[in-house]
Amino acid sequence: DERSETLSVRRDDLEPLVERRSVGAMITIADGGGHAYAATGDLSAAGLRAAADRALAWARATSGLALFDARLLPRAVTSGKHVSRVQRPWSSLSLDDRIALLRDACARLAVDSRIVERWAGLGRVATDVLLVTGDGGRLSRDPGRNTAGAAVQALLAALGTRQGIVLDVQKGLPLASGVGSSGASA
């Protein structure tokens, strides 16, 4: 699930706010040495099954053609990566502040009379990703929904910083294994 908003000023004129939402699923399959994926916007059981069938067919069709055995690829269930480069939260600026910021940026682009097209844009994208494995494991990539992300958010709050952070968790325990893999993240 991805949601975005873009606000822009072109030649000192405010353009309409653009809002978008995109929902879909990516099915990735490694089978018999082949590796393939299929995407779908149809999140019904039938739509997901059709995407899985397409990915499986491609994985099987390419299994003898690969330069390496896809079964040897690292499994996504043992690692998670969360990236945030937010310098200033979107909600910390009012709409008037955003417009003023854009008008100022667009005006500063007028450094030469030969520049006739000036555009300044400001946007935000929020993406929710859930990794689901064939063995029943589930890992949310929303930092607030797993122990590693929650620990980092608490640390950043305690430090009083709005800096972004890259978190790469390598725990080596399978999801949904009953051996405490969730707690091992933090």
Side-chain angles (χ1 to χ4, degrees), residues 1-6 8 18-87 89-90 121-156 162-186:
D1 185 11
E2 182 174 282
R3 296 156 316 281
S4 67
E5 292 178 54
T6 304
S8 60
V18 176
E19 295 180 306
R20 291 188 175 100
R21 182 167 186 222
S22 176
V23 179
M26 177 74 72
I27 310 285
T28 305
I29 294 182
D31 183 76
H35 183 261
Y37 63 89
T40 182
D42 181 355
L43 299 180
S44 69
L48 293 171
R49 181 77 229 169
D53 290 343
R54 281 192 311 274
L56 180 59
W58 274 108
R60 289 181 175 163
T62 60
S63 66
L65 305 174
L67 297 175
F68 57 89
D69 187 338
R71 291 173 291 197
L72 302 176
L73 291 172
R75 293 185 62 205
V77 299
T78 60
S79 67
K81 186 171 187 176
H82 308 282
V83 178
S84 173
R85 292 187 181 95
V86 176
Q87 296 297 317
W90 183 258
L122 183 63
R124 105 179 152 84
V125 177
T127 305
D128 296 324
V129 177
L130 176 65
L131 301 176
V132 180
T133 68
D135 58 4
R138 298 169 71 89
L139 173 66
S140 172
R141 296 202 96 178
D142 176 352
R145 291 186 171 166
N146 66 64
T147 55
V152 169
Q153 286 180 330
L155 174 64
L156 293 175
R162 291 183 173 170
Q163 293 287 67
I165 190 166
V166 174
L167 175 64
D168 190 6
V169 178
Q170 300 288 326
K171 60 186 176 181
L173 295 172
L175 290 173
S177 63
V179 296
S181 63
S182 296
S185 298

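Here, residue 1 is the first one in the sequence, and each next residue gets the next number.
Nearest heavy-atom pair across A51 and A38 is O-CB, 3.3 Å. A36 and A59 make their closest contact through CB-N, 3.4 Å (heavy atoms, listed as atom of the first residue, atom of the second, distance). Between L48 and A25 the shortest heavy-atom distance is CD2-CB, 3.7 Å.
To the nearest 0.5 angstrom, S22 atom OG is 11.0 Å from R3 atom CZ. Rounding to the nearest 0.5 Å gives a distance of 5.0 Å between CG of D31 and CG of L56. Atoms CD1 and CG, on I27 and D53 in that order, are 10.0 Å from each other to the nearest 0.5 Å. Here the straight-line distance linking atom CZ of R124 with atom OG of S4 works out to 8.0 Å at 0.5 Å rounding. Atom CZ in R49 sits 13.5 Å away from atom CG in D42 (nearest 0.5 Å).
Judged purely by atom type and a 3.5 angstrom limit, R54 uses its side chain to pair as donor or acceptor with the backbone of A39. When atom types are taken as modelled, the side chain of T62 and the backbone of L65 share no donor-acceptor pair closer than 3.5 angstrom.
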